[in-house]
2 protein chains.
Amino acid sequence: MRPASVKDVADRAGVAVGTVSNVLNYPERVSARTQEKVQRAIEELGFVRNDAARQLRAGRSRTIGMVLLDAANPFFASVARGAEDAAAGAGSSVVFASSRHDARREARYIDLFEEQRVQGLLVSPVGSIAARVAELRSHGLVVVLLDREGDPQLYSSVSVDDVHGGYLAASHLVETGRRRIAFVGGGRHLQQVADRLRGAEKAVAEHPGVSLEFLPTEELNVLAGREVGQALVQRSRHLLPDGVFCANDLLATGVLQSVLLAESLDVPRDIGLVGYDDIDFAGSAIVPLSSVRQPAEEIGRTAIRLLAQELEDPGAPHEHVVFKPELVVRASTGTPGARP
Amino acid sequence: MRPASVKDVADRAGVAVGTVSNVLNYPERVSARTQEKVQRAIEELGFVRNDAARQLRAGRSRTIGMVLLDAANPFFASVARGAEDAAAGAGSSVVFASSRHDARREARYIDLFEEQRVQGLLVSPVGSIAARVAELRSHGLVVVLLDREGDPQLYSSVSVDDVHGGYLAASHLVETGRRRIAFVGGGRHLQQVADRLRGAEKAVAEHPGVSLEFLPTEELNVLAGREVGQALVQRSRHLLPDGVFCANDLLATGVLQSVLLAESLDVPRDIGLVGYDDIDFAGSAIVPLSSVRQPAEEIGRTAIRLLAQELEDPGAPHEHVVFKPELVVRASTGTPGARP
DNA sequence: ACCGTCTTTTGAATCGTTTCATAAATACGT
DNA sequence: ACGTATTTATGAAACGATTCAAAAGACGGT
């Protein structure tokens, strides 16, 4: 049975379709008596507005689309929560999709959201999507990039200084006496990874005698970290890094698990470990993780704010908000100078 | 500038609108020459289909809506991932929204999805939404409930035997010598909480001399666990529980943090701790957490399968899949008999 | 009863896509 | 060259909500 339409409601209430629409959208224009009749008809028929029809007429939807890198990473869950709260305050809804670091999945969801004519799009992009964003913009869609700074001509963005974050992490490892640093993270094509690595390289360059090694992974989750960790612990002692910096806390958690499983090795004694994001679990890891904190919820809230600004005044110049990350020191790196 | 429509494409390509539509939907019906003309026009104009119009015509969208209890809980992220994979295999997209254990937010998102005429709805409900589901069903919307068994007349569901899970957890605590058990979890109005508690009660009842105490929390996250933990450690020793079972791993993680911060207390020596869900972080907690494992991704996949089944054959009887949870023993409960 | 003002209601037109009956074009057999 | 079969292309109608100019109704004043 086809769902009821305004026409059905109008017939049953004995009024015109325009009146039903007015009851729904401008009740103050309709007499109390008529409103009541219409309301009753709506309830009797179980009428639910058809959003597709509304949207078609309005030319635009009331939802905001958000494409996240990885919904399974609590960091992004926090960003999403911040965005959701801010949007709810402004009367919009946010729907999410997770690209899982896969450019094709990302493209699919961006297409989907564009076809849905969402109000705007928040994207934490997998690779370079400058071209795609330019296209979206030329179609009139407002896009805010998350966790990625870029062409100020094209879009607004909210990001965190990843180079600085990488620098903080690696510097800290060096300062706690580490000399052979390893950076664990997905490929260099991921900008977050590339930037954090760049920051680490910079820190290492400032200290002669300190080496930096890059250990790429397929994915950026706990399992991938565990695999890297297993490979590490099988190395002969003189090839083993004494400091490991992971591109996120999931990887760090996995590395930690593997290293501790190797009975002869200890964190922070033999390996100092730093993660990234400072998710809730970092502080309660088997050895509490030092980590680089990003203001996740604030990133989400800010992104919605920038989006709202651009929707209101499409001509306004794009804004780029860059947050500073912050190093949180915990047991996984020991205390400076505490090593022999 | 208004986005290009099929009409615009048709004009530019010098064909009829129906032909453009055919190029998009039934290319085999269109000659190669015409296809080429149309494709060129599409590219030149940057034409993107308007999903609202398609949907309006089709009467139904191509996406599946999913309302989760808490996107920040890695367990639900895994369920979502399973669902997404299964749906992608069937050519549908899944969009998510997080109710965060708030019935009003849940209602808002369900309304939104209903107005969007989604293909179907997956919901892990906050409270009892039997009435709302009945209404949705009567409007012809297919609903599958997650993590909740219920009226077999109304809907299909995928759940895990939470009573059994609670029983497993509490039994294990008792078997490792605990006598004063505390159950930590949000209010009894949350069915998962109520069921797990019921299972625990059953286990305790089988062992005379063992007591069970219920410690409700506002939320079900790490912070809430930390707060309960802080309250616990301030108790005088004879009122302190020696076994704590948490309704999920987030709570358990928080409790663990607080207990370990109290220098005089140790897990598992003074308190045995069991969580629920066995998220990736449970195994790498400061003291690896014993936990009750649920097959998260499989729950998501199964839900999509049931949904697809019902869409295909609306008359088919509703199916209720119930998975069995599984206890994973780790250090946080020590080994049986290892205590004085 | 009539006029002017203000409130309420009406319903055709519109948004962009798909469908489908019909028309046009093309190919094929004799 | 002609008729028939087959392949392509056409364009009006439909989906359901909103808009808005115009009509209808209500009311007070004379």
Side-chain angles (χ1 to χ4, degrees), chain A residues 1-39 41-42 45-63 111-112 114-118 139-141, chain B residues 1-39 41-42 45-63 111-112 114-118 139-141:
Chain A
M1 185 207 53
R2 192 177 48 77
S5 72
V6 274
K7 179 82 178 19
D8 301 324
V9 173
D11 288 351
R12 172 167 270 241
V15 300
V17 290
T19 303
V20 176
S21 177
N22 282 333
V23 169
L24 294 169
N25 301 294
Y26 308 93
E28 72 280 5
R29 293 186 191 163
V30 181
S31 74
R33 239 181 74 71
T34 308
Q35 273 195 52
E36 210 176 301
K37 276 192 299 183
V38 172
Q39 284 296 355
I42 286 178
L45 294 172
F47 167 76
V48 174
R49 273 150 125 126
N50 183 325
D51 198 51
R54 297 185 78 184
Q55 231 173 273
L56 176 56
R57 184 63 236 241
R60 116 150 345 162
S61 92
R62 290 158 307 123
T63 64
D111 288 350
L112 180 70
E114 188 182 6
E115 291 188 0
Q116 292 184 350
R117 301 286 193 274
V118 291
H139 296 174
L141 188 58
Chain B
M1 185 206 52
R2 191 177 48 76
S5 72
V6 273
K7 179 83 176 18
D8 300 326
V9 173
D11 288 352
R12 172 167 271 240
V15 300
V17 290
T19 303
V20 176
S21 178
N22 282 333
V23 169
L24 294 170
N25 301 294
Y26 308 95
E28 73 280 5
R29 292 187 191 163
V30 181
S31 75
R33 239 181 74 71
T34 308
Q35 274 195 52
E36 209 177 302
K37 276 193 300 183
V38 172
Q39 283 298 357
I42 286 178
L45 295 172
F47 167 76
V48 174
R49 273 148 124 128
N50 183 325
D51 198 51
R54 297 185 78 185
Q55 233 173 271
L56 176 57
R57 183 64 235 240
R60 127 145 331 165
S61 92
R62 291 159 306 124
T63 64
D111 288 350
L112 180 69
E114 189 183 6
E115 290 188 359
Q116 292 185 348
R117 300 284 192 275
V118 290
H139 297 173
L141 189 58

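By convention in this document, chain letters (A, B, ...) are assigned in the order of the sequence lines, proteins followed by strands, and residues within each chain are numbered from 1. This structure is a prediction, so every number in the text was calculated from the model and none was measured. Both backbone and side-chain heavy atoms feed into the values below; hydrogens, waters and symmetry mates do not.
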- Would you indicate what A:V15 reaches in the nucleic acid, counting non-hydrogen atoms under 4.0 angstrom: base, sugar-phosphate, or nothing? sugar-phosphate
- Touch check for B:S31, heavy atoms < 4.0 angstrom, all strands: base, sugar-phosphate only, or nothing? sugar-phosphate
- Name the nucleic acid region contacted by A:G59, choosing base, sugar-phosphate or nothing; use a 4.0 angstrom heavy-atom cut-off, strictly under. nothing
- Task: Find the distance B:Q55:CD to D:dG16:P and express it as a whole number of Å.
- Result: 12 Å
- Item | hbond_proxy B:R57 side chain to C:dT18 base (donor-acceptor, 3.5 Å cutoff) | yes
- Task: Write down the distance between CG (A:N25) and P (D:dC20), rounded to a whole number of angstrom.
- Result: 12 Å
- Message: Any base atoms under 4.0 Å from B:S5, or only sugar-phosphate, or nothing? Heavy atoms, all strands.
- Response: sugar-phosphate
- Query: What integer distance in Å separates B:N50:CG from C:dG16:C1'?
  - Reply: 6 Å
- Message: Please report the distance, rounded to the nearest Å, between CG in A:N22 and P in D:dT18.
- Response: 9 Å
- Query: Quick one: is B:R2 getting a side-chain N or O under 4.0 Å of the C:dC15 phosphate, OP1 or OP2?
  - Reply: no
- May I ask you to verify if any side-chain N or O of A:T19 is less than 4.0 angstrom from the OP1 or OP2 atom of C:dT9? no
- Message: Categorize B:S21 for me: base, sugar-phosphate, or nothing, with a 4.0 angstrom heavy-atom threshold over every strand shown.
- Response: base
- Query: Between C:dT10 atom P and A:D11 atom CG, what is the distance in whole Å?
  - Reply: 12 Å
- Message: Nearest 0.5 angstrom please: B:R62 CZ to A:L112 CG, how far?
- Response: 6.5 Å
- Query: Would one find a side-chain N or O of B:R60 under 4.0 angstrom from OP1 or OP2 of D:dC15?
  - Reply: no
- Query: Is the distance from OP1 or OP2 of D:dT18 to the nearest side-chain N or O of A:Y26 less than 4.0 Å?
  - Reply: no
- Which nucleotide sits closest to the side chain of B:R49: C:dG11, D:dT10, C:dT18? C:dT18
- Note on the structure: Distance col, row A:T19:OG1 vs A:R29:CZ, nearest 0.5 angstrom, shows 11.0 Å
- Query: Within this structure, what is the NZ-to-P distance between B:K7 and C:dT18, rounded to whole angstrom?
  - Reply: 16 Å
- Task: For A:V30, answer base if it contacts any base atom (sugar-phosphate contacts may also be present), sugar-phosphate if it contacts only those atoms, and nothing otherwise; contact means non-hydrogen atoms under 4.0 Å.
- Result: sugar-phosphate
- A:R54 atom CZ is separated from C:dT14 atom C1', nearest whole Å, by 16 Å
